[in-house]
Amino acid sequence: MIKSKRMAQIKEIYRPFLQPFLVISVLVTITQSMGVIFAYFTGKYVKSIDENDLTGLYLSLLALLLAILGGKLFDWKLINLHIKNIVTDLELHISQLTIQRISKFSIGQVINQNSGYKQETLQKGEAAIGELIGTFFLEFIPTVARIVITLIVLFAINYSIGYCALISIGFYVWSSIRINNRLLPRIKINKKKENKMNTSYWEVIKHIKLVIASAQEKRAVSEFRSQFNEYGDEHKDIWMGYTTKLIFTREPFVAFGHVFILLLAATHVMNNDLSKPDLITVMGLVALSYSALGSIGNMQ
């Protein structure tokens with residue numbers, strides 16, 4: 001009985017979002033397939049070097065470039081769909097259901113639930129601080145260290161490859177800082193609207209007895225929805241614009257930089273300036289450094 005009731009509550013929460021979740025699942029599958037395609041043509045790339053086949057080399061590099069750009073393009077569509085149809089809309093939906101559910105409680109239940117909500121709020125604040133510290137020490141510092149060590153090894157193997165990687169990574173960091181600095185003022189304004197909206201929400205929860213007594217449940221939900229939409233619409237606009245700037249400015253340059261490094265490495269191997277074992281090392285290090293860059297880019 002309890003399980004069936006819980007399942008009914010879960011369905012009530014997620015039913016409006018089934019279609020976006022389905023589309024997201026399809027996009028995730030396509031994005032992952034880009035990685036498989038990249039792995040396949042990496043093999044073709046190595047084979048063309050081994051056979052000294054320039055035509056095969058250029059075609060495999062073109063396929064690798066398209067796989068990288070295709071993966072980033074589908075990632076962009078995936079993230080924007082998530083921002084547009086899931087993040088804020090799901091939060092609004094759950095908050096509205098919470099107010100509606102509490103408005104049906106008895107007075108005794110209301111008092112107990114309010115105590116629980118206040119305790120949960122404090123716990124969320126403590127968790128946020130812990131998450132910030134964890135992100136810095138367990139993700140940011142190790143990621144930067146990985147990139148620095150990778151560059152040092154690349155320079156040790158071949159100076160031209162090292163310089164190319166350094167320029168590409170440098171542009172990534174510079175463009176990220178530039179885009180983030182432009183975004184920061186809008187985020188601060190939107191954060192104030194979010195705080196105002198959250199204050200209104202908890203005021204409704206705090207005074208739910210008065211809301212119930214005056215039969216103002218629908219009005220409370222409507223006012224909350226209005227404030228949430230003011231915050232939510234701007235939140236969507238900010239982050240969808242942010243991801244669009246990334247995909248059409250920073251990411252293409254990085255993709256071309258990645259492929260150019262592979263072309264440079266292949267040229268050195270064909271000219272006997274780089275051994276095949278070193279080529280494999282370069283390929284692994286380049287993949288490692290760019291995956292690390294992706295981690296930094298996600299630390300917002």
Side-chain angles (χ1 to χ4, degrees), residues 29-77 142-178 245-298:
T29 303
I30 296 174
T31 301
Q32 294 305 310
S33 69
M34 292 296 107
V36 175
I37 292 172
F38 184 87
Y40 174 78
F41 281 101
T42 298
K44 294 291 185 182
Y45 161 78
V46 174
K47 182 180 179 182
S48 65
I49 295 174
D50 191 51
E51 296 176 352
N52 206 28
D53 179 10
L54 288 177
T55 302
L57 174 65
Y58 296 142
L59 289 176
S60 61
L61 287 174
L62 177 61
L64 290 174
L65 177 62
L66 292 176
I68 295 172
L69 292 176
K72 292 183 181 299
L73 183 62
F74 282 111
D75 269 339
W76 167 64
K77 295 288 290 184
T143 300
V144 172
R146 187 192 311 169
I147 292 172
V148 171
I149 293 171
T150 298
L151 286 173
I152 291 173
V153 176
L154 285 175
F155 271 107
I157 293 174
N158 186 281
Y159 270 97
S160 61
I161 293 175
Y163 278 121
C164 187
L166 179 62
I167 292 171
S168 181
I169 292 172
F171 177 83
Y172 185 100
V173 174
W174 172 79
S175 60
S176 297
I177 293 173
R178 187 166 176 265
K245 284 182 180 178
L246 294 185
I247 194 65
F248 290 109
T249 55
R250 185 185 72 185
E251 299 302 334
F253 185 91
V254 173
F256 277 100
H258 190 163
V259 172
F260 184 77
I261 291 174
L262 295 180
L263 174 61
L264 194 61
T267 302
H268 283 302
V269 172
M270 290 178 173
N271 292 335
N272 295 318
D273 295 328
L274 188 71
S275 67
K276 289 179 181 177
D278 281 344
L279 171 66
I280 302 302
T281 302
V282 168
M283 291 170 59
L285 289 173
V286 170
L288 187 66
S289 62
Y290 280 107
S291 65
L293 285 177
S295 299
I296 289 180
N298 292 330

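Here the shortest heavy-atom pairing between L57 and A266 reads CD1-CB, 3.7 Å. When all heavy atoms of A67 and M34 are compared, the pair lying nearest together is O-CB, 3.8 Å. Of all heavy-atom pairs spanning P252 and I247, the tightest one is CD-O, 3.1 Å. Here the shortest heavy-atom pairing between I68 and A255 reads CG2-CB, 3.5 Å. In plain terms, the two heavy atoms of S289 and I169 that are nearest each other are CB-CD1, 4.3 Å. Taking every heavy atom of both residues into account, L61 and V259 meet most closely at O-CG1, 3.8 Å.
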**OP:** Walk me through it: do L246 and K72 pass the test side-chain contact (heavy atoms from CB on, under 4.5 Å)?
**Re:** CA-CA 10 Å; L246 294 185; K72 292 183 181 299; over 6 Å; no

**OP:** Would you please test S175 and T249 for side-chain contact (heavy atoms from CB on, under 4.5 Å) and show each step?
**Re:** CA-CA 8 Å; S175 60; T249 55; 5.9 Å; no

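Among the candidates I49, L279, I157, L274, the single residue satisfying the side chain to side chain contact (heavy atoms under 4.5 Å, CB included) test with H268 is L274. Partner Y172 forms a side chain to side chain contact (heavy atoms under 4.5 Å, CB included) with one of I177, V254, I147 and no other, that one being V254.
Taking the six-membered ring where tryptophan is involved, the planes of F248 and W76 are perpendicular, since the angle between them exceeds 60° and thus also 30°. Taking the six-membered ring where the residue is Trp, H258 and Y290 present parallel rings, their angle staying beneath 30° rather than reaching 60°. Aromatic ring orientation, W174 versus F171: tilted (interplanar angle from 30° to 60°).
Residues L54 and Y58 have side chains in contact (heavy-atom distance under 4.5 Å, counting atoms from C-beta outward). Inter-residue side-chain proximity for L59 and K44 is flagged as unmet; no heavy-atom pair is nearer than 4.5 Å.
Formation of a donor-acceptor pair under 3.5 Å by the N271 side chain with backbone atoms of D273 is not found in this model. Using a distance-only test at 3.5 Å, with no hydrogens or angles considered, no donor-acceptor pair links the side chain of Y45 to the main chain of L64.
Residue-environment remark: CZ (F256) stays at or below the threshold of 12 foreign heavy atoms within 6.0 Å. Around CZ of F260, the count of heavy atoms belonging to other residues, nucleotides or ligands within 6.0 Å does not exceed 12.
One distance of note links OG of S168 with CD1 of I261; it measures 5.5 Å at 0.5 Å rounding. In this structure, CG on L262 lies 6.5 Å from CE on M283, to the nearest 0.5 angstrom. The distance from atom CG of L263 to atom CD1 of I161, rounded to the nearest 0.5 Å, is 10.5 Å. Going from atom OH of Y163 over to atom CD1 of I167 covers 9.5 Å, rounded to the nearest 0.5 Å. Note that OG1 of T42 and CD1 of I280 are 10.0 Å apart. Values are rounded to the nearest 0.5 Å.
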